[in-house]
Trainee: 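For reference, the structure I am asking about is given below.
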Amino acid sequence: LEAIAQAIFKNWFVDFEPFKDKLVYNEELGKEIPRGWDVKRIDDIAEVVGGSTPDTRDPSNYGGEIAWITVKDLSQQKRKFVFRGERNLTRKGLAEIGGRLIPKGSLLISTRAPIGYLAIAGRELSTNQGIRSLVFKSNYKHYSEFAYYLIKQNVKILRNYASGSTFREIPGSTLGELKFVFPPDNLVREFNNLVIPL
């Protein structure tokens, strides 16, 4: 079922098969895209939020009820949605890293060591510094599934933007500046109607 969803995404939004008769040349991208589609940056649709790690020497930071997701957790994730990691944080631990929770429906992306693990937050949670989350703006709350496949399709592009000597990493500002082709909103909703039941 997941393969079917991915195939639909590729057919519509990468190969543009149903829209071949509407292709027009886009100067910004240097290629043809369907008429009426936009080129947008990631930060046009979402806020890029980094994670952090509370002091691991203080046991009172861990063992609570707040899901805390690490890159290791994402690497072992076999499903599209993530609900919890190996360890949870306490309220104290969350407060130590700024107290912000990532909303349900946000897209988690590992941006270092290695780059490109993905999952959609199945509940409110927090992450470590190896993960950046796309917290969708109010007009784009329904973009979780679309963005999941968009990033999955373009992981190689993400890796090309990584830098650093110890760990190759994509800074949040760089991730936010990446440009992709976005269809009209009604097509995103139509895609959701097909893939969410799967």
Side-chain angles (χ1 to χ4, degrees), residues 2 41-155 157-159 161-164 166-178 180 192 195-196:
E2 184 59 26
R41 292 164 32 138
I42 290 293
D43 58 16
D44 289 332
I45 67 159
E47 179 188 1
V48 180
V49 179
S52 190
T53 300
D55 188 347
T56 54
R57 297 163 299 181
D58 184 350
S60 69
N61 287 331
Y62 297 90
E65 293 301 315
I66 299 159
W68 182 62
I69 310 300
T70 66
V71 175
K72 181 184 175 189
D73 295 323
L74 286 190
S75 74
Q76 297 169 347
Q77 176 74 13
K78 302 301 180 197
R79 297 182 179 174
K80 187 189 301 181
F81 295 90
V82 63
F83 293 88
R84 62 179 59 252
E86 193 175 299
R87 302 176 82 182
N88 281 1
L89 299 184
T90 60
R91 288 278 161 200
K92 176 181 176 296
L94 182 66
E96 192 174 292
I97 59 172
R100 180 168 183 178
L101 286 170
I102 301 302
K104 177 181 177 180
S106 300
L107 180 61
L108 279 55
I109 307 168
S110 68
T111 52
R112 77 173 188 192
I115 293 163
Y117 292 132
L118 299 172
I120 298 170
R123 57 177 284 191
E124 272 194 332
L125 46 75
S126 57
T127 73
N128 79 344
Q129 61 277 9
I131 296 172
R132 301 203 184 274
S133 302
L134 303 188
V135 178
F136 296 101
K137 296 179 179 179
S138 57
N139 291 349
Y140 299 97
K141 296 280 187 198
H142 57 291
Y143 270 53
S144 300
E145 302 274 342
F146 176 83
Y148 175 88
Y149 292 108
L150 179 70
I151 299 298
K152 193 170 189 174
Q153 190 72 40
N154 290 285
V155 166
I157 291 174
L158 259 64
R159 290 177 182 148
Y161 283 91
S163 59
T166 308
F167 290 110
R168 285 179 57 75
E169 180 175 11
I170 304 169
S173 57
T174 301
L175 183 60
E177 290 168 1
L178 295 182
F180 296 102
N192 285 347
V195 303
I196 289 173

Trainee: Check Leu74 against Ser110 and note the closest heavy-atom contact, atom names and distance.
Mentor: CD1-N, 4.0 Å
Trainee: Any pair with a residue in residues 136-153 that passes salt bridge (Lys or Arg N to Asp or Glu O under 4.0 Å), sequence neighbours left out, goes on the list, sorted by first then second residue, please.
Mentor: Lys80-Glu145
Trainee: What residues form a side chain to side chain contact (heavy atoms under 4.5 Å, CB included) with Pro54, not counting sequence neighbours?
Mentor: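 Residues passing side chain to side chain contact (heavy atoms under 4.5 Å, CB included) with Pro54: Asn61, Tyr62, Trp68, Leu89, Glu96, Ile97.
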Trainee: Does anything in residues 61-73 pair up under salt bridge (Lys or Arg N to Asp or Glu O under 4.0 Å), and if so which pairs, sequence neighbours excluded?
Mentor: Lys72-Glu86
Trainee: Under the rule for ring pair (Phe, Tyr, Trp, His ring centres under 6.0 Å), what residues qualify as partners of Phe180, not counting sequence neighbours?
Mentor: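 In terms of ring pair (Phe, Tyr, Trp, His ring centres under 6.0 Å), with neighbours along the sequence ignored, Phe180 is linked to no residue.
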Trainee: What I'd like to find out is whether the side chain of Val48 reaches to under 4.5 Å of the side chain of Leu134, using heavy atoms alone.
Mentor: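 Val48 reaches Leu134 side chain to side chain.
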Trainee: Quick one: list whatever passes side chain to side chain contact (heavy atoms under 4.5 Å, CB included) with Gln77, sequence neighbours left out.
Mentor: Arg79, Val82, Ala119
Trainee: Which residues pass the side chain to side chain contact (heavy atoms under 4.5 Å, CB included) test with Gln153, sequence neighbours left out?
Mentor: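 By the side chain to side chain contact (heavy atoms under 4.5 Å, CB included) rule, Gln153 matches Phe9, Lys10, Val14.
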Trainee: Among all residues two or more places apart in sequence or in another chain, which pass the ring pair (Phe, Tyr, Trp, His ring centres under 6.0 Å) test with Tyr148?
Mentor: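 Checked Tyr148 against ring pair (Phe, Tyr, Trp, His ring centres under 6.0 Å); zero matches.
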Trainee: Can you see which heavy atom on Asn128 is nearest to which on Thr53, and at what distance?
Mentor: CB-OG1, 3.5 Å
Trainee: Counting neighbours of CZ on Arg159 that are heavy atoms of other residues, nucleotides or ligands and sit closer than 6.0 Å, is the number greater than 12?
Mentor: yes
Trainee: To the nearest 0.5 angstrom, please state how far the CD atom of Glu124 sits from the CD1 atom of Ile102.
Mentor: 9.5 Å
Trainee: Taking salt bridge (Lys or Arg N to Asp or Glu O under 4.0 Å) as the definition, give me every residue that meets it alongside Asp55, ordered by chain and number, with sequence neighbours left out.
Mentor: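 Applying salt bridge (Lys or Arg N to Asp or Glu O under 4.0 Å) to Asp55 gives Arg57.
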Trainee: With sequence neighbours left out, what residues match Arg84 under side chain to side chain contact (heavy atoms under 4.5 Å, CB included)?
Mentor: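 Side chain to side chain contact (heavy atoms under 4.5 Å, CB included) list for Arg84, sorted by chain: Ala67, Asn88, Arg123.
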Trainee: Roughly how far apart are Ser126 OG and Leu101 CG, rounded to 0.5 Å?
Mentor: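 Here the interatomic distance stands at 6.5 Å.
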Trainee: Could you check if a side-chain atom of Val71 sits within less than 4.5 angstrom of a side-chain atom of Ile131, using non-hydrogen atoms only?
Mentor: yes
Trainee: Tell me every residue that passes ring pair (Phe, Tyr, Trp, His ring centres under 6.0 Å) with Tyr143, counting only those two or more places apart in sequence or in another chain.
Mentor: Tyr140, Phe146
Trainee: Set out, in order, the CA-CA distance, both residues' side-chain angles and the distance that settles side chain to side chain contact (heavy atoms under 4.5 Å, CB included) for Leu108 and Leu125, then state yes or no.
Mentor: CA-CA 10 Å; Leu108 279 55; Leu125 46 75; 4.0 Å; yes
Trainee: Side chains of Thr127 and Val49: closer than 4.5 Å at any heavy-atom pair?
Mentor: no
Trainee: Rounded at 0.5 Å granularity, tell me how far CG in Leu150 sits from CG in Leu178.
Mentor: 10.0 Å
Trainee: Of the non-hydrogen atoms in Ser75 and Tyr117, which two are nearest, and what is the gap between them?
Mentor: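 For Ser75 versus Tyr117, the nearest heavy atoms are CB-CE1, 3.3 Å.
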Trainee: Can you tell me how far apart CD1 (Ile115) and CG (Leu175) are? Round to the nearest 0.5 Å.
Mentor: 10.0 Å
Trainee: Are any non-hydrogen side-chain atoms of Leu158 and Ile109 less than 4.5 angstrom apart?
Mentor: yes
Trainee: If we ignore hydrogens and angles and just use 3.5 Å, is the side chain of Ser52 paired with the main-chain N or O of Gln129 as donor and acceptor?
Mentor: no
Trainee: Give, for atom CD1 of Ile170 and atom CZ of Arg112, the distance between the pair rounded to the nearest 0.5 Å.
Mentor: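 Atom-to-atom, Ile170:CD1 and Arg112:CZ are 12.0 Å apart.
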Trainee: Restricting to side chain to side chain donor-acceptor pair (under 3.5 Å), what partner residues turn up for Ser144, sequence neighbours left out?
Mentor: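 Listed in chain order: nothing, the list is empty.
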Trainee: Taking only Lys NZ, Arg NE, NH1 and NH2, and the carboxylate oxygens of Asp or Glu, determine whether Arg132 and Glu169 approach each other closer than 4.0 Å.
Mentor: yes
Trainee: With sequence neighbours excluded, tell me which residues meet side chain to side chain donor-acceptor pair (under 3.5 Å) with Asp58.
Mentor: Ser60, Lys92
